[in-house]
Peer 1: 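Dumping the structure here so I can ask a few things about it.
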Amino acid sequence: MEQQYNFKKIEPRWQKVWKDSGIFHVTEDESKKKFYCLEMFPYPSGKLHMGHVRNYSIGDVLSRYLNMNGYNVLHPIGFDSFGLPAENAAIKNGSHPAVWTSSNIAEMENQLKQLGFSYDWDRECCTYTEEYYKWMQWIFIQFWNKGLAYKKENPVNWCPSCATVLANEQVVEGCCERCKTQVTKKNLSQWYLKITDYADRLLADLDKLTGWPEKVKTMQRNWIGKSEGYEVTFELKDGDLPMTVYTTRVDTIYGVTFMVISPEHPWVEQLIKGSEYEDACRKYMEEAKHLNDIERTSLTKEKTGQFTGRYVINPANGKEVPLYLADYVLMGYGTGIVMGVPFGDQRDFDFATKFGLDIIPVIDPHLPEVDINNLKAAFIAEGTMINSGKYDGMNNVEAIKAIGDDFVNRGIGKKTTNFKLRDWLISRQRYWGTPIPMINCPDCGWVPEKEENLPIILPTDVEFTGKGESPIATSKTFVDTACPCCGKPAKREVDTMDTFLDSSWYFLRYCDARNSEKAWDKKKTDYWMDVDQYIGGVEHAIMHLLYARFFTKVLYDLDLVHVDEPFKNLLTQGMVLKDGSKMSKSLGNVVSPEEIISKYGADTARLFILFAAPPEKELEWSDTGVEGSYKFLNRVYRLVYEMSEQIKGIPCKYIPEGKDDKQLAYILNNTVKRVTEDIGKRFNFNTALSAIMELVNEMYRYKELDDVNMGLLADATDKLVRMLSPFAPHICEEMWEGLGHTESIYGVEWPVCDESMLVKDCVEIVVQLNGKVRGKMEVAAGMDKNAFQELVMASDIVKQLTEGKEIVKIIAVPGKLVNIVVRG
RNA sequence: GCAGGUAUGGCGGAAUUGGCAGACGCGCACGGUUCAGGUCCGUGUGAAAGCAAUUUCAUGGAGGUUCGACUCCUCUUACCUGCACCA
């Protein structure tokens with residue numbers, strides 16, 4: 001151990017030791033309790049950013065801590081390496097996406113190794129490799145065989161100038177990001193996975209996930225969006241199309257004054273044909289193609305619509321109401337047709353106001369402040385039915401069932417459950433993704449490729465122009481094939497899969513990453529799954545986590561895994577900010593991990609990022625804060641260096657004698673207790689580090705005293721280095737060696753708190769007068785309430801405080817406080 | 001817009017079960033060390049009033065519950081995240 005802390009020498013040295021000894025490689029070991037610690041794998045965008053450093057530092061502290069607690073810890077890493085940016089880079093530079101991706105991966109692997117994370121690199125998985133996407137294709141075929149994959153038409157963002165499909169991200173203010181042409185919609189036949197078949201289970205099983213943050217579960221519940229209601233069929237005047245609406249508020253049906261149909265509803269064509277409003281309707285439909293769902297459903301956007309010239313008949317009262325096209329009705333939810341009740345729905349209210357339609361009150365809340373005949377906004381509350389024929393006078397909640405049941409009996413209603421969740425559109429008209437292993441045969445239709453022919457390899461004779469439907473279609477070798485069923489000429493699917501599929505099962509592949517015979521051996525997932533702790537950005541709270549849960553449930557039903565939920569505990573980490581906003585190149589407020597590592601070392605970077613904020617919270621980057629962490633490591637290093645000379649050969653045994661011995665022994669053991677709880681139970685690494693800092697401060701004070709107990713100092717030094725090692729592993733290895741140990745600190749036992757050192761005979765308590773602190777006193781610990789209260793009330797402090805005042809009430813909390821309520 | 005979240009000194013944050021608001025760190029000030037600067041060691045540091053003891057105010061804002069509220073309830077403001085083809 002050198003006198004000076006030199007991270008530039010220490011860090012590469014220990015990284016090499018770890019690599020050469022293979023210390024982070026794990027195998028299934030039935031004799032040990034397993035722990036699967038997983039961090040969301042990165043997209044290889046180029047270099048690591050601070051969000052990655054934060055995510056992986058959290059995971060590394062946990063992994064190292066659990067390893068020291070005797071667990072067999074699986075801690076893998078990989079790269080989510082298919083996706084749009086690689087393809088954009090290829091279009092821009094005329095290179096191949098694989099070149100861009102693999103050089104990024106190499107760079108990021110290097111950075112991860114420089115940070116000293118305890119990954120089992122032998123299990124590394126990259127989704128763009130043939131050995132990974134082979135099994136992705138195999139899994140897709142299992143979904144197909146189970147009837148969970150299908151093809152359906154769906155409108156996509158379409159740039160007419162590039163003649164290509166655009167991702168939402170590529171649409172900027174309604175225009176193509178490359179050529180600025182206004183984006184429109186185009187119908188394409190697309191692959192879907194039937195996630196809606198699992199909607200009920202995905203919702204119900206959220207209750208099982210006790211280790212998930214409540215906020216994430218709430219977000220998932222809202223996303224799945226289960227609602228109970230009725231489908232009611234209105235009759236079309238002069239036509240025979242059943243105009244079926246979905247409503248959760250069938251009690252308001254007497255307040256229907258119009259009906260709205262989504263502009264992309266397939267029936268619109270025949271509804272408007274020949275009408276005097278036909279041209280106006282077509283124009284409106286064209287305009288609707290330029291807006292996205294968020295804009296369309298915005299409550300603040302002025303409502304637009306177009307009368308179709310048609311009328312429908314309300315089955316409740318036989319009234320005719322006009323039928324409009326309006327973009328606030330989405331084709332993707334319910335039936336694509338909505339009954340307009342301006343009284344009870346704000347969107348309908350806005351629409352009716354704009355188009356001069358009637359507003360009929362149908363519920364009277366009996367509130368004097370509400371004039372239901374002259375509303376300024378839609379009214380939503382419980383009340384008594386009015387203007388509703390035979391239901392008048394009934395409570396509106398009861399009326400839902402009564403009216404609904406009547407429609408069911410009349411054969412024009414159906415009780416239904418609706419989900420906001422839609423089936424998962426997985427096809428992408430892109431190159432850089434897993435090819436969908438399906439073949440279209442003129443005779444057999446869509447058939448999957450034979451399993452023995454997997455993987456279907458991405459062709460390399462492809463042009464990247466940014467134009468056309470899918471780059472794969474430009475390959476001369478890929479498309480034409482033979483039907484796996486009948487052998488006749490057939491064509492391959494040229495679309496690739498959404499990269500969210502790749503990331504929906506990678507945690508299973510890590511369990512058996514090098515298996516070339518199977519996606520994974522069930523014996524291995526039986527041992528390692530489920531993931532004990534999953535850590536990642538809160539921005540993935542809905543989609544990725546829902547898709548991974550869906551996959552796990554399907555694979556469970558196929559008997560390929562033994563768990564039906566993948567992630568037992570979830571930690572969602574906050575973002576890293578600089579000057580109050582997200583670090584981004586456009587804002588120019590990026591601090592690169594590289595910079596910090598070269599200036600202060602990996603240990604400082606890790607320490608700062610864990611100390612600056614608790615993991616779930618946003619973290620404000622501070623350059624001076626980093627310096628503080630660096631100073632702290634130096635302070636620890638100097639202390640341990642000095643101690644290593646003095647405590648050589650002295651056992652970590654002590655009997656505290658004076659006040660100072662007792663104080664250090666108390667702080668030492670209390671620190672062990674606090675740090676253990678903060679890491680293991682609360683994941684509050686910032687307070688764990690505060691506690692360690694307090695211990696260091698106390699050791700600095702104690703060691704300068706005249707009469708010190710060397711056994712106590714030896715124990716404090718030993719425990720200090722152990723406790724700090726998950727946070728700053730390199731410097732701790734160095735100090736551990738300096739203390740005379742020959743084994744790596746990775747895997748030595750986590751220190752244990754000696755409870756006998758925490759027993760105090762005196763506690764300081766607070767005396768309050770009317771809830772305000774007025775004095776403090778020392779009392780013996782462990783008194784019962786009556787004795788405690790009597791003792792305190794008899795004290796001089798209390799006598800002084802209450803002199804000449806009438807005592808109204810006394811609240812005594814033993815060992816904590818006495819609050820005296822007085823008058824006068 | 002919808003959904004979810006956050007708000008505490010000059011700054012990052014602490015307060016684990018409703019019980020001493022501001023632990024720990026940064027910054028700042030002063031002192032020591034040093035030729036000097038840096039490093040390092042130490043002391044102080046929410047605001048206002050006061051020589052002081054001490055008192056009053058203070059956890060985005062407005063109310064409420066309670067002996068007692070950063071913590072619970074109602075309303076409100078600002079900001080952050082997601083919104084289904086970015087990953």
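Only a predicted model underlies this, so the values are computations on that prediction, with no experimental measurement involved. A, B, ... follow the sequence lines: proteins, then strands. Residue 1 opens every chain.
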Peer 1: For the pair Glu618(A) and Arg54(A), evaluate salt bridge (charged side-chain N to carboxylate O under 4.0 Å, His left out) and give the outcome as yes or no after the intermediate values.
Peer 2: CA-CA 11 Å; Glu618(A) 284 167 359; Arg54(A) 190 179 196 191; over 6 Å; no
Peer 1: Please determine whether a side-chain nitrogen or oxygen atom of Arg635(A) lies at a distance below 4.0 Å from atom OP1 or OP2 of C41(B).
Peer 2: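 Checking C41(B) against Arg635(A), a side-chain N or O does come within under 4.0 Å of OP1 or OP2.
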Peer 1: Does a donor on one side chain sit under 3.5 Å from an acceptor on the other, for Gln429(A) and Gln190(A)?
Peer 2: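 Gln429(A) vs Gln190(A): donor-acceptor pair found between side chains.
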Peer 1: Name the residue from Lys185(A), Arg296(A), Lys303(A), Lys301(A) that meets the salt bridge (charged side-chain N to carboxylate O under 4.0 Å, His left out) definition with Asp327(A).
Peer 2: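 Per the salt bridge (charged side-chain N to carboxylate O under 4.0 Å, His left out) rule, the option paired with Asp327(A) is Lys301(A), out of Lys185(A), Arg296(A), Lys303(A), Lys301(A).
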Peer 1: Can you work out whether Phe611(A) or Tyr700(A) has the more 5'-proximal nearest nucleotide on RNA chain B?
Peer 2: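 Between the two, 5'-proximity favours Phe611(A).
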Peer 1: Looking at Thr676(A), Val675(A), Leu689(A), which hits side-chain contact (heavy atoms from CB on, under 4.5 Å) with Met723(A)?
Peer 2: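 Going through Thr676(A), Val675(A), Leu689(A) one by one, the side-chain contact (heavy atoms from CB on, under 4.5 Å) with Met723(A) is satisfied by Val675(A) alone.
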Peer 1: Atom CG of Leu633(A) and atom C1' of G25(B): how far apart are they, to the nearest Å?
Peer 2: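 Distance, rounded to whole Å: 13 Å.
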Peer 1: Base, sugar-phosphate, or nothing for Thr218(A), non-hydrogen atoms under 4.0 angstrom?
Peer 2: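 Sugar-phosphate, backbone atoms only, no base.
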Peer 1: If you look at every strand shown and take non-hydrogen atoms under 4.0 Å, does Asn819(A) touch a base, only sugar-phosphate, or nothing?
Peer 2: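 Asn819(A): base contact, heavy atoms under 4.0 Å.
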Peer 1: Tell me the interatomic distance from Asn634(A), atom CG, to U39(B), atom C1', rounded to whole angstroms.
Peer 2: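 After rounding, the gap between these two atoms is 9 Å.
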Peer 1: Find the runs of at least 3 consecutive base pairs, i with j, i+1 with j-1 and so on, that include RNA chain B, using Watson-Crick or G-U wobble geometry with both distances under 3.5 Å.
Peer 2: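 For RNA chain B the paired stretches long enough to count as stems (3 pairs minimum) are B:1-7 with B:77-83, B:10-12 with B:24-26, B:27-32 with B:40-45, B:46-49 with B:54-57, B:60-64 with B:72-76.
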Peer 1: Looking at the angle O4'-C1'-N9-C4 for a purine or O4'-C1'-N1-C2 for a pyrimidine, is G37(B) syn or anti, with syn meaning within 90° of 0?
Peer 2: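 In terms of base orientation relative to the sugar, G37(B) is anti.
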Peer 1: Side chains of Asp423(A) and Thr196(A): is there a donor and an acceptor less than 3.5 Å apart?
Peer 2: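 On atom types as modelled, these side chains qualify, holding a pair under 3.5 Å.
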Peer 1: For Val766(A), answer base if it contacts any base atom (sugar-phosphate contacts may also be present), sugar-phosphate if it contacts only those atoms, and nothing otherwise; contact means non-hydrogen atoms under 4.0 Å.
Peer 2: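 Result for Val766(A) = base.
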Peer 1: Given the P atoms of C70(B) and G18(B), what is the spacing between them in whole Å?
Peer 2: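 Nearest-Å result for C70(B) against G18(B) at atom P: 13 Å.
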Peer 1: Measuring from the side chain of Glu764(A) (C-beta onward, heavy atoms only), which nucleotide among C24(B), G12(B), C20(B) has the closest atom?
Peer 2: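 When the side chain of Glu764(A) is considered, C20(B) is the closest of C24(B), G12(B), C20(B).
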Peer 1: If we count only N and O atoms by modelled type, under 3.5 Å, do the side chains of Asp678(A) and Thr687(A) hold a donor and an acceptor together?
Peer 2: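 Result is yes, a qualifying pair exists.
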Peer 1: Please work out if Arg774(A) contacts a base, only the sugar-phosphate, or nothing of the nucleic acid, heavy-atom cut-off 4.0 Å.
Peer 2: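 If one applies the 4.0 Å heavy-atom cut-off, Arg774(A) turns out to touch the sugar-phosphate alone, with no base involved.
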Peer 1: Can a donor-acceptor pair be found between the side chains of Asn6(A) and Glu2(A) at a distance below 3.5 Å?
Peer 2: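 No, because no side-chain N or O of Asn6(A) sits under 3.5 Å from a partner of the opposite role on Glu2(A).
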Peer 1: Starting at the 5' end of nucleotides 80-87 of chain B, put B wherever the base has a protein heavy atom under 4.0 Å, S where only the sugar-phosphate does, and a dash everywhere else.
Peer 2: SSSBBBBB
Peer 1: Separation of Phe685(A) atom CZ from C24(B) atom C1', in whole Å?
Peer 2: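 About 17 Å, once rounded to whole Å.
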Peer 1: When you check the phosphate oxygens OP1 and OP2 of U6(B), does a side-chain N or O of Lys215(A) lie under 4.0 Å from one of them?
Peer 2: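 No, Lys215(A) has no side-chain N/O under 4.0 Å of OP1/OP2 on U6(B).
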Peer 1: Taking U17(B) as the reference, what is the distance to G68(B) when you measure between their P atoms (whole Å, please)?
Peer 2: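 It works out to 22 Å between them.
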Peer 1: In whole Å, what is the span from the CG atom of Leu330(A) to the C1' atom of C2(B)?
Peer 2: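 Going from Leu330(A) (CG) to C2(B) (C1'), I get 12 Å.
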Peer 1: Tell me the interatomic distance from Leu817(A), atom CG, to A15(B), atom C1', rounded to whole angstroms.
Peer 2: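 Going from Leu817(A) (CG) to A15(B) (C1'), I get 15 Å.
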Peer 1: Testing the 3.5 Å rule here: is there a donor-acceptor pair between the side chains of Tyr128(A) and Asp502(A)?
Peer 2: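 Per modelled atom types, Tyr128(A) and Asp502(A) side chains form no pair under 3.5 Å.
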Peer 1: At less than 4.0 Å, is any side-chain N or O atom of Arg638(A) found next to OP1 or OP2 of C41(B)? Yes or no.
Peer 2: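 For Arg638(A), the contact criterion (side-chain N or O under 4.0 Å from OP1 or OP2 of C41(B)) is met.
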Peer 1: Taking atom P in both G9(B) and A14(B), what distance in whole Å separates the two?
Peer 2: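 It works out to 13 Å between them.
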Peer 1: Does any donor-acceptor pair link the side chain of Lys776(A) with the base of C20(B) at a separation under 3.5 Å?
Peer 2: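 Such a pair is found, so the answer is yes.
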Peer 1: Which of the following nucleotides, G27(B), U16(B), G19(B), is nearest to the side chain of Ile811(A)?
Peer 2: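 So the nucleotide nearest the side chain must be G19(B).
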Peer 1: Could you state the CD-P distance from Gln220(A) to G5(B), rounded to the nearest angstrom?
Peer 2: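 Distance, rounded to whole Å: 14 Å.
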Peer 1: Applying ring-ring contact (aromatic ring centres under 6.0 Å, His included), run through Tyr133(A) and Phe82(A) and close with a yes or a no.
Peer 2: CA-CA 10 Å; Tyr133(A) 73 67; Phe82(A) 272 137; 5.8 Å; yes
Peer 1: With no hydrogens and no angle check, just 3.5 Å: does a side-chain donor-acceptor pair link Gln3(A) and Arg638(A)?
Peer 2: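 Per modelled atom types, Gln3(A) and Arg638(A) side chains form no pair under 3.5 Å.
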Peer 1: May I ask you to say what Ala612(A) touches in the nucleic acid, namely base, sugar-phosphate or nothing, with a heavy-atom cut-off under 4.0 Å?
Peer 2: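 If one applies the 4.0 Å heavy-atom cut-off, Ala612(A) turns out to touch the sugar-phosphate alone, with no base involved.
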Peer 1: Can you measure Arg701(A) atom CZ to C40(B) atom P for me and round it to whole angstrom units?
Peer 2: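 It works out to 21 Å between those atoms.
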Peer 1: From C-beta outward on Asn697(A), which listed nucleotide comes closest to its side chain: G27(B), C20(B), G25(B)?
Peer 2: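 Looking only at heavy atoms from C-beta outward on Asn697(A), the closest nucleotide is G25(B).
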Peer 1: Evaluate the criterion ring-ring contact (aromatic ring centres under 6.0 Å, His included) for residue pair Tyr431(A) and Phe464(A); output intermediate values, then yes/no.
Peer 2: CA-CA 9 Å; Tyr431(A) 173 78; Phe464(A) 299 101; 4.9 Å; yes
Peer 1: Rounded to the nearest angstrom, tell me the gap between atom CD in Glu616(A) and atom P in G13(B).
Peer 2: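 Value for this atom pair: 12 Å.
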Peer 1: Under 4.0 Å, counting only non-hydrogen atoms across every strand here, what does Lys301(A) touch: a base, just sugar-phosphate, or nothing?
Peer 2: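 Counting heavy atoms under 4.0 Å across all strands, no contact is made by Lys301(A).
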Peer 1: So, OP1 or OP2 of U16(B): does either fall under 4.0 Å of a side-chain N or O from Asn684(A)?
Peer 2: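 For U16(B), neither OP1 nor OP2 has a side-chain N or O of Asn684(A) closer than 4.0 Å.
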Peer 1: Between A84(B) and C73(B), how many Å separate the two C1' atoms, rounded to a whole number?
Peer 2: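 Their C1' atoms lie roughly 36 Å apart.
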Peer 1: List the steps and the verdict of side chain to side chain contact (heavy atoms under 4.5 Å, CB included) for His290(A) and Val183(A).
Peer 2: CA-CA 6 Å; His290(A) 300 304; Val183(A) 171; 5.9 Å; no
Peer 1: May I ask you to say what Ser298(A) touches in the nucleic acid, namely base, sugar-phosphate or nothing, with a heavy-atom cut-off under 4.0 Å?
Peer 2: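 It contacts sugar-phosphate atoms only.
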